[in-house]
Amino acid sequence: MSLDEESIRNRIQRLKSLPTLPGIFEKITGLMESSDTAAEDVANLISCDQALSARVLRVVNSALYGFPGRISNVTHALIILGFDVVKGLVLSTSVFDMMLARGFYGLWEHSLGCATTAGVIARKTNTANPEEVSVAGLLHDIGKVIIRIELPEEASRIDELIGTRELSVYEAEEEVLGFNHATVGKWLSQKWNLPDKLSDPVTYHHSPALSRFAPRSTAIVHVADSIVRAMGFGCAGDNLVTQIDSNAWEMLEISDPILEEIIVEVDDKLENAEDFLSGFGS
Ligand SMILES: [Fe+2]
Ligand SMILES: [Fe+2]
């Protein structure tokens, strides 16, 4: 079964309750859109929510971003990382909360693993804004969360197919729903007005050649997804290691020694990730 894009769109829009983001996200977006907003205005807004600012700082100071222990307040985070990254982090904390509240721990670890790996690849390949690529990695499988929450019966059938026929999540979703989590991610990105640099990797991480606006970040998230699966960190929903798209791989020009370095660094960072993960929900 395969639906055309219009049908998919209607189907997604008919879903009862696409998650709305916390009110603060709208306010932050509004502030960021105004040209005379200072980092301090946005920081003040985030700081009003102590739990949120604590989480943003925890992520920023984790091994994930490579500034361990050096960023002590939200204004500093905004100046160093930029508005878009901090906005992505606020969004990511909401998504993480959703995963935690439902007990999707494997997917939560997979997302953090992909974010870590994407950030390491971005740095090792001299890609601009590695923090942004990392946030794209955090969000890449958001569509899976929505499918599990909104379509629980279908999600059970998807799990069944994965177990009995060894399909990938992507293939099983296509068979049961006629669309997949990347498409759901695309609709969410539109609903949430995410910038192209985040929405392209979410939408095209399984088909990186289709990215028009952020091909490099999309290629990195695609490769990171595969590497983190191969390293066995977290659970993406199936136990398969996805094949890396050859064009995406060529675009990044990762030599064997660099790949070796990437794997060693990711391994090291993920070893510390358990601490980070166990502290995240508190
Ligand atoms: Fe995916
Ligand atoms: Fe994934």
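All values derive from a computational prediction rather than experimental measurement. All ligand and atom numbering here is 1-based and tracks the order in the structure. Heads up: numbering here begins at 1 and tracks the sequence. Only heavy atoms go into these numbers, but all of them, side chains included; no hydrogens, no water, no symmetry mates.
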Asks: Residues in salt bridge (charged side-chain N to carboxylate O under 4.0 Å, His left out) with Arg165, at least two apart?
Replies: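 Arg165 satisfies salt bridge (charged side-chain N to carboxylate O under 4.0 Å, His left out) with Glu175 only.
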Asks: Could you name all protein N, O or S atoms found under 2.8 Å from the Fe ion (ligand 2)?
Replies: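 Protein N/O/S atoms under 2.8 Å of the Fe ion (ligand 2): His110 NE2, His140 NE2, Asp141 OD2, Asp225 OD1.
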Asks: Going by salt bridge (charged side-chain N to carboxylate O under 4.0 Å, His left out), name the pairs with one or both residues in residues 237-246, residues two or more places apart or in two chains.
Replies: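 Counting only pairs at least two positions apart or across chains, the salt bridge (charged side-chain N to carboxylate O under 4.0 Å, His left out) contacts touching residues 237-246 are Arg229-Asp238.
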Asks: If the test is side-chain hydrogen bond (donor to acceptor under 3.5 Å, both in side chains), which one of Glu174, Glu171, Glu173 qualifies with Asn180?
Replies: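 Answer to the side-chain hydrogen bond (donor to acceptor under 3.5 Å, both in side chains) test with Asn180 among Glu174, Glu171, Glu173: Glu174.
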Asks: Side chains of Thr218 and Ser211: any donor to acceptor distance under 3.5 Å?
Replies: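 Yes, side-chain donor-acceptor contact under 3.5 Å.
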Asks: Write out all pairs satisfying ring-ring contact (aromatic ring centres under 6.0 Å, His included) with one or both partners inside residues 124-162, taking only residues at least two apart or from two chains.
Replies: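 For residues 124-162, and leaving out neighbouring residues, the ring-ring contact (aromatic ring centres under 6.0 Å, His included) pairs sorted by first residue read His110-His140, His140-His205.
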Asks: Which atom name does His181 have for its N/O/S atom nearest to the Fe ion (ligand 1)?
Replies: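 Looking at His181, the N, O or S atom with the least distance to the Fe ion (ligand 1) is NE2.
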Asks: Salt bridge or not for Asp159 and Arg148, using N-O below 4.0 Å?
Replies: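 Looking at Arg148 together with Asp159, the answer is yes, because their closest N to O distance falls below 4.0 Å.
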